[in-house]
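Below is one structure, written out as structure tokens, with a few remarks after it.
One-based numbering, in listed order, for ligands and for the atoms of each. Note that the structure is predicted; figures quoted are calculated from it, not measured.
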Amino acid sequence: MKDTKKDIRTLSKDQIREFFVGVGDKAFRGNQVYEWLWVKGCHKFEDMTNLSKETRTLLETHFVINHIAVDYMQKSNDGTIKNAVKLHDGLVVESVLIPVKDRTTACVSSQVGCSLDCSFCATSRLKRMRNLNPDEIYDQVVAIHRESELYFNRPLSNIVFMGMGEPLMNYKNVLASIEKITDKEGLGMSPKRITVSTSGVPKMIKKMADDGVKFNLAVSLHSAIQETRESIMPFAKSFTLVDLKEALEYWYEKTSKKITYEYVVWEGINDKQEDIDALVQFCKAVPCKVNIIEYNPIGDPKFKQADSKALDAYIEGLEKHRIPVTVRRSRGKDIDAACGQLANKQQ
Ligand code: SAH
């Protein structure tokens, strides 16, 4: 028979307190359970040792604790670790630990598969199966935090929502997970250390601005020419550059937060001077920086990383207009853990 008990991790602290009051116990009991669930990362009622045996049994009869399990872990030559994470219903997502000098960054997934269809990204070849729940996103972060302590002897320092999925197509749950990550009764991390990366969903960028979020925003731009962008990111036909730009202006007006544009340069696709000129023009809309990322091949001959001459032209073009630009090398390529390579290959 299918388990119809409710997942206690979908309840707020107040709801757990109300449950205890409802069964004639003290509301305070809810605080204890909440701490076990979120601060201590406990996955079994029987391990909640400061509760009586009766209370633990009571919880057991009413609730389950759904949680993720790291099913498979791969380590790259460069120290990057990729986790294949099994969800309670058997579906799998991937998350990545990226060690950089004295920092550790977690790259987490927000959906099983992806709602969008970027033709250069391996995740887009998977069907979007479902959105992740807040606790499933939170658990990925906790798992990487623990791995960072274990293997690198330091806590997790940064989080990027650049794993599988489009975070803004699962906005509510992403936001709820960030609330837990930043909450003192969670991981207590600063939102300044969190970056949400989107392919560019204008309506949702505006919504985030209205919600007054404190984390950073990255936009996967890849081309500032509408026709070119549509050819590699087909959803951009509906989410046009004009609307994107307008949404980003709104974002900056409301949050005063600079935007990062992620950008891959491909041979024959966006490696011409007109591509650079269009990007420079786009960058003038709001304070920003450009992060040129290395292309990680996914087996489509249409896409080939442009040569260093083309990259130098981009850097020169942007710097001439005082637009900050960095070039980021891929990490974890040998284990398919780099940007756009997450595709549950081990399954
Ligand atoms: N959907 C979100 C987050 C996931 S993708 C977004 O689009 O931003 C994370 C980053 O990896 C994005 O900038 C994306 O454009 C980039 N990416 C996707 N496939 C890639 C590939 N094969 N090589 C390099 N970067 C890639």
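The residue from Met233, Arg328, His222, Met169 that puts a heavy atom closest to atom 14 (C) of ligand 1 is His222. Relative to atom 3 (C) of ligand 1, the option among Ser197, Ser115, Pro297 with the closest non-hydrogen atom is Ser197.
The shortest heavy-atom distance from Ser110 to ligand 1 is not under 4.0 Å. Using 4.0 Å as the threshold, Ala218 has no heavy atom nearer than that to any atom of ligand 1. Note on ligand 1: Phe161 sits in its first shell, one or more heavy atoms being nearer than 4.0 Å.
Each of the atoms 18 (C), 19 (N) of ligand 1 lies under 4.0 Å from some heavy atom of Cys121. With ligand atoms numbered from 1 in the order given, ligand 1 contributes 1 (N), 6 (C), 7 (O), 8 (O) to contacts under 4.0 Å with heavy atoms of Ser199. Residue-ligand proximity, Glu262 to ligand 1, at heavy-atom distances under 4.0 Å covers atoms 10 (C), 12 (C), 13 (O). For ligand 1, the atoms lying closer than 4.0 Å to a non-hydrogen atom of Ser220 are 6 (C), 7 (O), 8 (O), 12 (C), 13 (O), 14 (C), 15 (O). Proximity to Gly163 (heavy-atom distance under 4.0 Å) selects the following atoms of ligand 1: 4 (C). Counting the atoms of ligand 1 from 1 in the order shown, those under 4.0 Å from a heavy atom of Phe120 are 15 (O), 18 (C), 19 (N), 20 (C), 21 (C), 22 (N).
Aromatic rings of Phe161 and Phe215 (six-membered ring for Trp) have centroids beyond the 6.0 Å cut-off, not under it.
The pair Asp211-Lys207 counts as a salt bridge, with a side-chain nitrogen and a carboxylate oxygen less than 4.0 angstrom apart. A salt bridge between Glu60 and Lys5 is absent, with no side-chain N of the basic residue lying under 4.0 Å from a carboxylate O of the acidic one. Using a 4.0 Å cut-off between charged nitrogen and carboxylate oxygen, Asp47 and Lys40 do not count as a salt-bridge pair.
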Steps toward side-chain contact (heavy atoms from CB on, under 4.5 Å) verdict (Tyr314, Val327)
CA-CA 10 Å; Tyr314 261 94; Val327 180; over 6 Å; no
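At the shortest separation from atom 11 (O) of ligand 1 among protein heavy atoms lies Cys339 CB, 3.4 Å. Atom 23 (N) of ligand 1 has as its closest protein heavy atom Asn296 N, 3.0 Å. Shortest contact from atom 18 (C) of ligand 1 to any protein heavy atom: Gly340 CA, 3.5 Å.
Under the 6.0 Å distance and 45° angle rule, Lys75 counts as a cation-pi partner of Tyr151.
Residue Gly165 places at least one N or O, backbone or side chain, under 3.5 Å from an N or O of ligand 1.
Only the backbone of Glu294 comes within 4.0 Å of ligand 1, judged by heavy-atom distances. Contacts with ligand 1 closer than 4.0 Å are made by backbone heavy atoms (N, CA, C, O) of Thr198 only, the side chain lying farther away. Under 4.0 angstrom from ligand 1, the non-hydrogen atoms of Met162 come from both its backbone and its side chain.
Within the 4.5 Å cutoff, no side-chain heavy atoms of Glu136 are placed close to those of Val93.
When hydrophobic residues (I, L, V, M, F, W, Y) are linked wherever their side-chain heavy atoms come within less than 4.5 Å, the members clustered with Met162 are Val160.
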Determine all donor-acceptor pairs shorter than 3.5 Å in which one atom belongs to a side chain in residues 184-191; sequence neighbours excluded.
residue, atom, partner, partner atom, Å
Glu185, OE1, Lys13, NZ, 2.7
Glu185, OE2, Lys13, NZ, 3.0
Ser190, OG, Lys192, N, 3.1

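Between Ser119 and Ser231 the shortest heavy-atom distance is OG-O, 4.0 Å. Residues Gly165 and Gln111 share a closest heavy-atom pair of CA-OE1, 3.5 Å.
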